[in-house]
Visitor: 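Here you go, one structure.
In what follows, residues are counted from 1 in the order of the sequence shown.
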Amino acid sequence: MMRKEIAELSEQYKHIFEECADRIWATPEINFTEHQSHATAMKCMKDLGFEISMLEDMDTAFIATAGHGSPVIGILGELDALPGLSQKADVDHYEPAENGAPGHGCGHNLLGCGGMECAYILWKYFEAHNIEGTIKYFSCPAEEGGVGKVYMIHRGAFDDVDFCVNWHPGSGFGIAHEAKSIVLQNYRFHGVASHAAGSPEMGRSALDALELFNIGIQFVREHMTKDTYIHYAITDTGGRAANVVQAYAEGQYVIRAKDNTELKAMMKRVDKIAKGAAMMTETEVDEPEIVSAFSSFVDNTTLADVARENIKECMPMQYTEEEMEYLKKFIACGSKADTGELIDEEIHEDRPSSTDVADVSWVVPTVMINVPTWAIGTPGHSWNITAQGKSAPAHKGMNLAAQIMANIALDMMDKPELIEKAKEELKTNLKGRTYETECLIPKDKKPVPIY
Ligand SMILES: [Zn+2]
């Protein structure tokens with residue numbers, strides 16, 4: 001009965017959120033610059049009657065609140081796009097809408113509006129049944145590397161929340177149990193400039209140091225756990241003239257590890273390599289600047305179990321013939337082109353991701369699900385996703401995600417002991433650690449765009 005009513009509410013109001021998602025799709029903006037998308041989403045929630053609050057130094061984040069009393073249910077949403085993934089809607093080959101412009105290549109236009117829809121239908125359900133409870137929709141900026149949620153945690157946004165639900169668009173159903181810890185940091189080397197032929201003995205090359213640093217990193221790869229990755233980009237070579245010894249060089253390094261403990265240990269090793277490279281070249285290296293950092297995910301099986309039951313109710317995904325024809329165009333250009341699979345019939349629970357939702361999982365019991373919105377075999381972060389971002393299957397997935405999240409919340413409220421159990425589980429899984437001591441981003445750091 002409850003699920004049927006939630007489905008009916010979604011049917012009644014879905015046009016509001018589909019329209020909002022399409023509008024956000026058309027104004028793709030990257031980390032911490034989501035001004036138009038933010039204004040669109042905030043106006044939508046305000047017009048629906050939600051109370052809006054803002055956070056210090058975060059002009060593209062907002063919290064929309066409705067209902068009253070306990071429990072407090074958190075719904076997480078994102079709106080940011082990705083650089084360079086502009087693409088014309090519904091076109092099944094690469095054809096940017098605007099060359100070099102950003103695009104919704106991760107489906108966050110759907111992610112955000114699906115969360116908003118969940119918040120609204122849940123509120124309507126509370127009203128219809130006189131249910132006590134507060135709904136908080138968190139519009140979180142800069143998930144793609146900028147870790148907006150970390151700054152929201154530091155500003156106390158989630159302090160009164162009992163549990164959080166979240167989803168991500170995808171090509172199948174899923175529940176996240178893992179996310180890697182990640183740090184993105186800059187290393188800067190300083191040397192001495194000199195004429196490369198006239199007085200080479202006077203020069204100390206920062207670029208040599210950076211190159212040796214990278215060579216050291218290639219050698220350490222053999223001695224890392226299989227869960228650890230290091231990626232790098234040379235962001236400043238120090239100059240374009242080969243006959244000058246480069247006095248400055250800079251690189252950006254991303255380290256991924258299973259959890260925060262392994263990440264911190266790896267960061268120390270990378271640091272030693274940087275210092276070694278500086279010593280070899282008689283240059284100096286600054287302490288690395290941490291630009292952003294994601295925590296690992298604290299799994300909550302209490303919430304995941306409730307999520308699984310609700311996902312099962314909706315499987316397999318039902319498409320009309322027309323929708324299936326649409327999806328087939330994109331299946332043909334994805335990784336499942338030759339398998340003959342048209343829809344994914346499993347709930348995937350073994351796909352680790354990297355997201356700042358994981359940071360929230362340290363402070364509030366949190367569940368993250370996946371719901372299909374695009375063709376099976378569609379690569380992540382791609383023009384293919386941008387192309388499918390305002391299609392009928394995308395809308396269908398978004399509306400379904402809103403319903404599943406609302407049903408998870410209602411199931412948890414129906415048995416308040418589950419909320420307590422989820423909280424206890426979080427406490428147990430933290431093993432005495434706190435977010436404050438584990439988070440690599442200092443509390444007083446202000447949000448900055450990472451690209
Ligand atoms: Zn994403």
Side-chain angles (χ1 to χ4, degrees), residues 31 106 142-151 153-154 166 168 174-188 210 213-235 251-277 285-301 304 348-363 366 368 380-381 426 428-443 445 450-451:
N31 70 136
C106 200
E143 189 276 332
E144 298 292 354
V147 291
K149 294 182 194 69
V150 173
Y151 300 99
I153 295 168
H154 285 168
N166 173 256
H168 200 293
I175 302 170
H177 293 283
E178 265 181 73
K180 284 188 190 298
S181 296
I182 303 184
V183 69
L184 187 157
Q185 51 190 355
N186 293 327
Y187 274 94
R188 298 188 173 103
L210 187 69
F213 179 33
N214 287 335
I215 290 168
I217 283 173
Q218 316 313 355
F219 277 93
V220 85
R221 291 187 199 280
E222 198 187 338
H223 308 285
M224 314 189 304
T225 65
K226 64 174 175 23
D227 298 308
T228 310
Y229 298 85
I230 307 175
H231 328 294
Y232 69 91
I234 297 177
T235 47
Q252 189 168 79
Y253 296 79
V254 175
I255 311 174
R256 295 173 195 253
K258 191 176 88 192
D259 56 29
N260 292 21
T261 311
E262 285 198 7
L263 181 72
K264 285 181 181 173
M266 199 64 223
M267 285 167 74
K268 279 191 186 151
R269 294 177 70 192
V270 169
D271 235 27
K272 282 184 191 165
I273 301 169
K275 287 188 176 120
V285 61
D286 294 341
E287 282 300 315
E289 177 209 15
I290 294 179
V291 182
S292 81
F294 294 84
S295 296
S296 51
F297 191 73
V298 183
D299 191 22
N300 200 292
T301 58
H348 296 274
E349 301 204 33
D350 56 351
R351 293 182 177 166
S353 57
S354 299
T355 165
D356 60 5
V357 172
D359 287 82
V360 179
S361 75
W362 281 74
V363 292
T366 299
M368 184 162 91
H381 286 190
L426 171 58
T428 309
N429 288 344
L430 289 182
K431 300 182 188 114
R433 297 167 299 173
T434 64
Y435 185 67
E436 232 166 58
T437 53
E438 288 292 319
C439 180
L440 287 162
I441 299 194
K443 232 178 162 174
K445 184 171 159 62
I450 63 151
Y451 40 57

Visitor: Between R188 and N186, which heavy-atom pair has the shortest distance, and what is it?
Guide: NH2-ND2, 3.7 Å
Visitor: Is a donor from one side chain sitting under 3.5 angstrom from an acceptor on the other, for N31 and E144?
Guide: no
Visitor: Around Q218, counting heavy atoms of other residues, nucleotides and ligands shown, do more than 12 lie under 6.0 Å from its CD?
Guide: yes
Visitor: Measuring from atom SG of C439 to atom CZ of R433, what distance do you get when rounded to the nearest 0.5 angstrom?
Guide: 13.5 Å
Visitor: Would you find a donor on one side and an acceptor on the other, under 3.5 Å apart, between the side chain of N166 and the backbone of T366?
Guide: no
Visitor: Nearest 0.5 Å, please: how far is OH in Y229 from CD1 in I182?
Guide: 11.0 Å
Visitor: Heavy-atom count check: over 12 atoms from other residues, nucleotides or ligands less than 6.0 Å from E436 CD?
Guide: no
Visitor: Between C106 and H168, is any pair of side-chain heavy atoms under 4.5 Å apart?
Guide: yes
Visitor: Applying side-chain contact (heavy atoms from CB on, under 4.5 Å), run through I255 and Q185 and close with a yes or a no.
Guide: CA-CA 9 Å; I255 311 174; Q185 51 190 355; 3.9 Å; yes
Visitor: Would you find a donor on one side and an acceptor on the other, under 3.5 Å apart, between the side chain of W362 and the backbone of S296?
Guide: yes
Visitor: Taking all heavy atoms of S292 and all of V147, pick out the closest pair and write down the distance.
Guide: CB-CG2, 3.8 Å
Visitor: Hey, what do you get for CD1 (I234) to CG (L210), rounding to the nearest 0.5 Å?
Guide: 5.0 Å
Visitor: So K445 and I290, do their side chains get closer than 4.5 Å, heavy atoms only?
Guide: no
Visitor: For residues S295 and Y435, report the shortest heavy-atom separation together with the two atoms involved.
Guide: OG-CE1, 3.7 Å
Visitor: Strictly distance-based, threshold 3.5 Å: is any side-chain N or O of N260 a donor or acceptor partner for the main-chain N or O of S181?
Guide: no
Visitor: Roughly how far apart are L184 CG and E289 CD, rounded to 0.5 Å?
Guide: 9.5 Å
Visitor: Taking S361 for its side chain and F297 for its backbone only, find out whether a donor-acceptor pair lies under 3.5 Å.
Guide: no
Visitor: Using the side-chain hydrogen bond (donor to acceptor under 3.5 Å, both in side chains) definition, which of the options T355, D359, D356 pairs with K149?
Guide: D356
Visitor: Find out whether Y253 and V270 are in side-chain contact, i.e. whether some heavy atom of one side chain is under 4.5 Å from a heavy atom of the other.
Guide: no
Visitor: Can you tell me how far apart NZ (K180) and OG1 (T228) are? Round to the nearest 0.5 Å.
Guide: 7.0 Å
Visitor: Sequence neighbours excluded, which residues qualify as side-chain contact (heavy atoms from CB on, under 4.5 Å) partners of I273?
Guide: F213, I217, V220
Visitor: Given side chains that start at C-beta, do those of K258 and T225 come closer than 4.5 Å, heavy atoms only?
Guide: no
Visitor: Do side-chain atoms of R221 reach the backbone of I230 as a donor and acceptor pair under 3.5 angstrom?
Guide: yes
Visitor: Identify the heavy atoms of Y232 and N214 that sit nearest to each other, and give their distance.
Guide: CE1-ND2, 3.5 Å
Visitor: Could you tell me if the side chain of M267 sits less than 4.5 Å from the side chain of L263, heavy atoms only?
Guide: yes
Visitor: With heavy-atom distances below 4.5 Å as the criterion, would you say the side chains of K264 and E438 are in contact?
Guide: yes
Visitor: What distance do F294 atom CZ and I441 atom CD1 have between them, rounded to the nearest 0.5 Å?
Guide: 8.5 Å
